[in-house]
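Here's the structure we're looking at; comments come further down.
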Amino acid sequence: MAFGKGCHLHLIDGSAYIFRAFHALPPLTRKSDGLPIGAVSGFCNMLQRYVEENAGPDAPTHVAVIFDKGSHTFRNDMYDQYKANREAMPEDLRPQIPLTRTATEAFNIACKEIEGFEADDIMATLACQARRAGGRVTILSSDKDLMQLVGDGVEMLDPMKNKRIDREGVEEKFGVGPERVVDVQALAGDSVDNVPGAPGIGIKTAALLINEFGSLEELLDRAEEIKQPKRRQTLIDNRAQIELSKKLVQLDEGMDLPFSLDDLEVRDPDPEILLGFLTDMEFRTLTKRVADRLGAEAPVIPEATAAVTEEAAPDWPAIDAATYTCVRDLETLHAWIDRAQQVGTVAVDTETTGLNDMRCELVGVSLAVAPGEACYIPLAHRAEGGDDLFGADDLADGQIRMQAALDALKPLLQDPSVMKIGQNMKYDAKVLSRYGIEIAPIDDTMLMSYAMHAGEHGHGMDTLAERYLAHTCIPIKDLLGSGKSMITFDRVPIDKATGYAAEDADVTLRLALTFKPQLHRAGVTRVYETMERPLVPVLKQMEMTGIAVDRDVLSRMSNAFSQKMAMLEEEIHDLAGEKFNVGSPAQLGEILFEKMSLPGGKKGKTGKYSTPADVLEDLATEHDLPGRVLDWRQLSKLKSTYTDALQEHINPDTGRVHTSYSIAGANTGRLASNDPNLQNIPVRSEEGRRIREAFVAPEGKTLVSLDYSQIELRILAHMADIDALKQAFRDGQDIHAMTASEMFNVSMEDMTPDIRRQAKAINFGVIYGISGFGLARNLRIPRAEAQGFIDRYFERFPGIRKYMDDTKAFAKEHKRVETLFGRQIHTPEIAAKGPRAGFAQRAAINAPIQGTAADIIRRAMIRMPDAIAKLPVRMLLQVHDELIFEVENGAVDDLIGVAKGVMENACDPVVKLDVPLVVDAGQGANWAEAH
DNA sequence: CCTGTCACG
DNA sequence: GACGTACGTGACAGGG
């Protein structure tokens with residue numbers, strides 16, 4: 001039947017169906033092989049319900065499910081920030097996308113998508129064609145972008161609320177008719193799609209203006225006539241941005257489609273094909289329901305053989321090193337690869353010659369496809385007994401040639417439809433990357449544990465195996481030994497290595513099967529999917545890039561420090577009247593408190609005097625020696641930890657320094673940097689800050705540093721809901737001065753640096769879970785006075801005390817606290833008695849604040865690679881509230897614009913802060929200049 | 001291997 | 001009423 005009068009076209013927004021199905025359902029997996037199919041299941045159920053509900057007299061004559069295809073559309077060419085705030089597609093959803101197309105076809109419903117266009121444009125074009133032909137159209141979607149199509153026989157139906165949206169519905173939502181919806185959207189913008197619009201103008205104001213002037217064009221041409229001065233200026237200043245926004249929201253109704261309306265005619269499904277598909281997916285209930293409706297026999301779905309179920313199966317085979325396979329030829333390897341491909345999920349572990357993933361060599365790879373089914377593929381083990389001059393570096397027999405094995409593994413490890421599970425996958429991903437394999441998609445058991453159990457215990461594999469599998473892993477010591485006689489993994493006999501390596505893969509797989517279904521129940525799926533797992537490739541890239549360090553600068557500083565230290569040491573020995581080890585607190589304590597009888601000597605647990613800096617500072621007024629020791633200590637620290645150690649960390653292959661970030665190191669969600677720690681490079685003292693001059697941009701490039709201004713205090717203002725603080729941040733005030741002014745009744749004009757400094761200490765104290773003692777020590781004032789400050793602070797900002805009390809109460813009740821983004825930090829010690837309770841309480845107060853800040857910069861980092869993809873720039877480092885980039889000189893301003901936007905909007909669209917986030921930028925030839 | 005000290009946010 | 005107290009990290013040196 002040709003489409004025409006009397007015809008009724010249904011357009012189903014396929015992508016919306018998929019996302020709703022994905023988020024509404026727990027992460028179901030196909031029993032036989034663990035393939036994630038939650039979204040497919042939900043999608044099929046929705047299609048079936050659609051079919052059942054649309055069989056009556058008003059049944060459509062034509063129907064199509066329309067999908068988005070490709071992430072880059074013509075709108076991105078107009079505006080590269082379009083939809084830049086979108087969360088990346090969850091890894092579990094990705095492999096399900098093609099299956100939803102297959103499902104649509106199995107239902108024998110037309111399934112359409114066109115590369116480079118959004119589903120909305122296809123639907124707009126089809127709706128217009130149908131309208132012109134005199135037919136009716138119903139769009140099954142709740143997307144407000146589609147409301148511009150309503151009218152003249154086109155309606156929308158919100159499938160969630162089962163609510164029809166006609167002209168009146170659109171006017172209710174936008175305050176204007178469908179033909180003016182794009183005008184309102186152009187002004188109001190859209191944070192979800194990142195359409196800028198006019199700042200400060202929302203839907204209400206936009207509708208008011210459009211109704212007054214008739215159209216957007218008219219409004220912009222006659223903007224001078226607007227009465228409100230601020231509004232007038234906004235429209236005049238942002239004309240180009242508003243016009244761009246209109247182009248972004250305007251749907252393309254005139255696409256050239258490679259099919260016609262007639263191709264969308266409603267067709268009955270072929271029972272064999274549809275039931276075949278549902279059976280393949282192992283949807284028991286739905287298969288039966290569909291079979292009943294089609295009057296067909298429901299096929300029998302065999303019980304699952306593999307042990308992938310909602311709960312970790314209790315009947316898993318025991319973990320036994322003797323049962324694993326050693327893969328020594330290509331044929332066997334291919335059999336394992338095929339098996340992994342079929343299952344769709346495989347645990348992967350690499351064995352290497354060391355712990356440094358930038359320098360070690362690959363020795364072997366292990367795989368696990370089901371509990372108890374694991375293998376080890378040795379690749380570079382050395383021949384045994386070769387400890388003499390000859391043969392020591394010969395490869396042991398019976399190993400597949402490295403390159404041949406990697407060539408065979410590469411398609412599996414890069415296959416987008418096969419999930420690769422690892423424990424601390426960043427390590428393996430970096431090693432494999434150095435061998436030409438970019439492993440993806442990945443799951444990480446360490447990160448699953450971190451998302452669920454941060455604060456409860458560590459997340460190393462041995463710990464997890466003990467706790468969750470009641471299994472003690474083979475200690476690596478048993479293979480490598482320890483201390484001086486320790487060997488590298490390539491010297492381990494292959495038999496012994498097989499048991500160890502394959503066990504790691506087996507354990508990892510079992511942990512993943514245990515944890516994966518628990519994520520949803522613990523309420524941390526989103527944390528894991530959006531803030532843990534996607535960070536792995538981002539950090540991998542940063543770490544592998546590294547930062548250029550000028551060895552000569554460090555070396556000269558080391559020499560200068562040595563000389564000064566030698567001079568100081570001599571002076572110290574003279575003042576003490578004897579030679580001793582200045583670096584030994586024990587010996588120094590003896591000199592100070594015994595020999596010289598200076599006051600304030602306190603002994604620690606070990607019965608030795610303690611000589612921290614603040615004690616020495618107090619003593620400096622009494623004697624010259626303590627001051628000299630402090631100077632010596634500073635130089636000693638700078639030399640040993642920085643100027644000397646950093647030189648050792650310059651990678652000979654790249655000439656750069658490559659830190660490694662632990663994602664699951666800090667309980668709060670912060671990263672930790674190690675080998676070397678580049679998050680504690682000196683900055684507070686002038687002498688220390690000069691070490692940053694050694695961190696440089698190569699010729700023709702610039703280092704750019706972007707840091708969040710006062711992010712934790714802003715979060716506190718939001719979370720504790722303190723109006724005065726929130727307003728101060730909105731007005732861009734000096735927050736410490738403002739606090740001081742409020743507390744001490746000093747006007748901002750009469751503010752002295754000292755009053756401000758005290759207020760600043762209190763502000764930070766609040767974040768740390770303030771105590772009179774702590775503040776007193778920090779400010780070096782009597783305890784009673786400090787307590788007075790705190791009392792006055794709480795009097796002025798009662799919301800802060802309420803936040804602290806509420807947080808403590810929450811922690812006591814739930815044994816955990818949460819960030820604004822849902823990250824959980826467990827506080828098992830909160831119920832402890834004695835001093836531990838105090839620690840736990842203050843940690844509980846601090847964790848949501850520090851953790852939310854950590855979440856925000858994580859989100860920014862995850863979005864950054866896409867945002868800066870077109871610029872000649874690389875992201876190098878993260879220092880908690882700061883990101884450092886290396887950029888070609890010509891692109892500095894572009895980078896600052898783009899990256900700042902990503903950082904300042906990193907909360908979107910999940911959390912709306914009541915305070916703005918502000919990012920400051922710096923640039924220079926080295927880190928000292930950029931900061 | 002633990003402790004003290006000190007570098008950072 | 002006494003006790004011990006700011007939050008989160010990592011690296012280095014000394015000393016058993």
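Rounded to an integer number of Å, the gap from OH of A/Tyr609 to C1' of C/dG15 is 18 Å. As rounded to whole Å, 17 Å separates atom P of C/dA11 from atom CG of A/Leu638. Atom pair A/Leu678:CG and C/dG10:P shows a separation of 13 Å (rounding to whole Å applied). Taking atom CD1 of residue A/Ile825 and atom C1' of nucleotide C/dC7, one finds them 12 Å apart after rounding to whole Å. One interatomic measurement links the two molecules: CD of A/Glu648 to C1' of C/dC12, which rounds to 14 Å at whole-angstrom precision. A/His649 places its NE2 atom 11 Å from the C1' atom of C/dG10, with the value rounded to the nearest Å. Protein atom CD of A/Gln841 is 17 Å distant from nucleotide atom P of C/dG4, rounded to whole Å. Rounding to whole angstrom units, CZ of residue A/Arg633 and C1' of C/dG14 are separated by 12 Å.
Nucleic acid contact for A/Gly769: none, since no nucleic acid atom lies under 4.0 Å from a heavy atom of the residue. Using a 4.0 Å heavy-atom cutoff across all strands shown, A/Ala847 reaches no nucleic acid atom at all. At the heavy-atom level, A/Ala837 lies nowhere under 4.0 Å from the strands shown. Nucleic acid contact class of A/Ala853 (heavy atoms, under 4.0 Å, all strands): none. Using a 4.0 Å heavy-atom distance criterion, A/Asn677 is classed as a sugar-phosphate-only contact. Base contact: A/Ile770 has a heavy atom under 4.0 Å from a base atom. Among the heavy atoms of the strands lying under 4.0 Å from A/Ser771 is at least one base atom, whether or not backbone atoms are also near. Using a 4.0 Å heavy-atom cutoff across all strands shown, A/Phe839 reaches sugar-phosphate atoms only and no base atom. Using a 4.0 Å heavy-atom distance criterion, A/Asp881 is classed as a sugar-phosphate-only contact. Residue contacts for A/Ser636: at a heavy-atom cut-off of 4.0 Å it reaches no nucleic acid atom on any strand shown. At the heavy-atom level, A/Gln587 lies under 4.0 Å from the strands shown only through sugar-phosphate atoms.
With a 6.0 Å cutoff to the six-membered ring centre and a 45° limit on the axis angle, A/Arg842 counts as a cation-pi contact of A/Phe839.
Phosphate proximity of C/dC7 to A/Arg842: present, with a side-chain N or O under 4.0 Å from OP1 or OP2. Phosphate proximity of C/dG15 to A/Ser584: present, with a side-chain N or O under 4.0 Å from OP1 or OP2. Of the side-chain N and O atoms in A/Arg777, one or more sit less than 4.0 angstrom from OP1 or OP2 of C/dA6.
Summary of the strand contacts: A/Phe773 and A/His880 both lie near DNA chain C, and taking for each the nucleotide with the nearest heavy atom, the more 5' one is attributed to A/Phe773.
Comment: A/Arg633 does not engage A/Glu617 in a salt bridge, judged by the lack of any side-chain N to carboxylate O separation of less than 4.0 angstrom. Look at A/Lys579 and A/Glu569 and you find no salt bridge, because none of the NZ, NE, NH1 or NH2 atoms lies under 4.0 Å from a carboxylate O. We find that A/Asp444 and A/Lys426 are not joined by a salt bridge, their nearest charged nitrogen and carboxylate oxygen being 4.0 Å or further apart.
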Dump the intermediate steps for side-chain hydrogen bond (donor to acceptor under 3.5 Å, both in side chains) on A/Gln679 and A/Tyr661, then the final yes or no.
-> CA-CA 10 Å; A/Gln679 290 181 321; A/Tyr661 291 98; 5.2 Å; no

How far apart are the C-alpha atoms of A/Asp754 and A/Arg757, what are their side-chain angles, what is the distance that settles it, and do they pass the salt bridge (Lys or Arg N to Asp or Glu O under 4.0 Å) test?
-> CA-CA 5 Å; A/Asp754 197 56; A/Arg757 184 183 61 84; 3.0 Å; yes

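When atom types are taken as modelled, the side chain of A/Ser640 and the backbone of A/Ser636 share a donor-acceptor pair closer than 3.5 angstrom. Listed for the A/Arg858 side chain is a donor-acceptor partner under 3.5 Å among the backbone atoms of A/Met531.
A gap of 22 Å separates the C1' atoms of B/dA7 and C/dT5, to the nearest Å. A distance of about 13 Å separates the P atoms of B/dG4 and C/dA6, rounded to the whole Å. When the C1' atom is compared between C/dC3 and B/dT5, the two are found 25 Å apart, to the nearest whole Å.
In the 5' to 3' direction, nucleotides of DNA chain B lying under 4.0 Å from heavy atoms of chain A begin and end at B/dG4 to B/dG9.
Base pairing annotation: C/dA2 forms no Watson-Crick or G-U wobble pair, as no partner gives both donor-acceptor distances under 3.5 Å. With a cut-off of 3.5 Å on both pairing distances, the Watson-Crick or G-U wobble partner of C/dC12 is B/dG4.
Looking at heavy atoms from C-beta onward, A/Arg359 lies in side-chain contact with A/Asn651 at the 4.5 angstrom threshold.
Applying the 3.5 Å distance criterion, the base of C/dT5 shares no donor-acceptor pair with the side chain of A/Arg836.
Partner of A/Arg692 under the side-chain contact (heavy atoms from CB on, under 4.5 Å) criterion, out of A/Leu703, A/Ile681, A/Asn926: A/Ile681 alone.
Closest approach to the A/Asn846 side chain among C/dT5, C/dA11, C/dG8 is made by C/dG8 (side chain taken as heavy atoms from C-beta onward). Comparing C/dT5, C/dC7, C/dA11 by their nearest atom to the side chain of A/Gln850 picks out C/dC7.
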